[in-house]
Amino acid sequence: MATSLGLLVPILKDADAVDRPVGQLTIGGASAGEISAVVLLSLFFSEHASSPASGVLLLLGLALLVALIVVTSVRAGRSMWLSRAVVNLADTSAQIRVRLTMILIVGLSAIALHLGFEAILGAFIAGAVLRLVDPDAERTHPQFHVKLEGLGYGFLVPVFFVTSGIQFDLGALFADVGTALRVPMFLAALLLVRGLPALVYRRAGLSRAETVASGLLQATSLPVIVAATTIGLRLDAISPANAAACSNSSPGWSRTITRTTWWPAWTRTGGRTGGWS
């Protein structure tokens, strides 16, 4: 929920592109970028790790804990009376599936923080655990995902943006002209690192317009950018001016460009991109 997928999936859903190749490749590319960034941040900037090697040990300990949770959850799901109780309480005021999910997300985020990692790592792992434990959730109980989407897009994602805006150092950004000019530089770097790899999607059969849109969407990376700049400020490895410029380059410029230029054409043509192919 706390990753750029929270920004990408709504756009893809609105355009009815989630189940199309362009949607699946964009989500896969964005997920790979998020996972690698979060893991590297956790390894090299853990507060409780004195070296990358100790960071690896802490990460392995977290992985073992996650494996234990998965095994326990799968075994519990085989219990007939427990499964029946969850089904009976799922759509009542108890909302047991939603509550168990929130316990998992909050619990793993707290454990990640306790080990010196970022909470975003715990939230990301919680999503992966849910997929492993209940891979057929969309088919067997589709309302569960609707509830999670309502909670995520209607509450958690807006709270994240509000919190990020409150913490944003606007004064540092406009302290001098040089700092403001760094925004397009960081944006170009983000498009280069996160967007350029989308060119390989042409081999998968995507049109030119789909490839461009996928690259722009993949470059949307506010949560990880906020986490990285926060860590950098905490370690005095980045100046407040650079942190403000870097954060301002990521909130959704690429997402805005995509939504206002390419995506309307996509929706009008029903997914056909005409002369852009």
Side-chain angles (χ1 to χ4, degrees), residues 1-6 9 27-28 30-83 85-87 89-90 94-138 140-141 144-145 147-149 151-152 155-157 159-160 163 221 223-228 230-232 234-235:
M1 291 184 193
T3 66
S4 64
L5 296 181
V9 174
I27 291 174
S31 298
E34 297 288 281
I35 292 173
S36 59
V38 169
V39 170
L40 289 175
L41 281 173
S42 301
L43 286 178
F44 291 99
F45 299 102
S46 172
E47 294 181 352
H48 294 177
S50 57
S51 66
S54 57
V56 170
L57 291 177
L58 289 174
L59 199 59
L60 287 175
L62 182 60
L64 289 175
L65 177 61
V66 170
L68 180 62
I69 292 174
V70 171
V71 171
T72 303
S73 300
V74 170
R75 289 187 176 180
R78 294 173 182 172
S79 172
M80 295 300 295
W81 70 269
L82 187 58
S83 298
V86 170
V87 170
L89 295 173
Q95 295 295 329
I96 191 65
R97 277 200 180 94
V98 176
R99 293 187 181 186
L100 290 175
T101 300
M102 294 309 300
I103 290 174
L104 180 65
I105 294 173
V106 173
L108 286 176
S109 298
I111 292 172
L113 284 173
H114 182 71
L115 293 176
F117 303 132
E118 288 298 309
I120 189 174
L121 177 62
F124 204 100
I125 292 174
V129 170
L130 285 175
R131 176 63 67 178
L132 288 172
V133 171
D134 197 2
D136 299 324
E138 294 184 7
T140 56
H141 32 271
F144 172 59
H145 275 271
K147 295 170 185 176
L148 285 185
E149 288 176 359
L151 182 62
F155 177 67
L156 296 178
V157 172
V159 166
F160 169 77
T163 304
S221 185
V224 172
I225 294 294
V226 170
T230 300
I231 294 173
R234 190 185 306 156
L235 299 176

side-chain contact (heavy atoms from CB on, under 4.5 Å) partner of Thr72, chosen from Leu68, Val74, Ile69: Leu68
Nearest heavy-atom neighbours spanning Val98 and Phe144: N-CE1, 4.1 Å
Shortest non-hydrogen separation from Leu82 to Ala76 and the atoms involved: CD2-O, 3.5 Å
Side-chain heavy atoms of Asp134 within contact of Leu130, under 4.5 Å: no
Minimal non-hydrogen separation, Val66 against Val129, with atom names: CG1-CG2, 3.5 Å
side-chain contact (heavy atoms from CB on, under 4.5 Å) between Thr101 and Gln95, worked out: CA-CA 10 Å; Thr101 300; Gln95 295 295 329; over 6 Å; no
Where Ser109 and Ala123 come nearest, the two heavy atoms and their spacing: OG-N, 3.5 Å
Arg97 side chain reached by Leu89 side chain, heavy atoms, under 4.5 Å: no
Donor-acceptor under 3.5 Å (Arg99 side chain, Ala94 main chain): yes
Over all atoms of both residues, closest heavy-atom pair of Gly122 and Ala112: N-CB, 3.9 Å
Interatomic distance, Leu65 atom CG to Ile125 atom CD1 [nearest 0.5 angstrom]: 9.0 Å
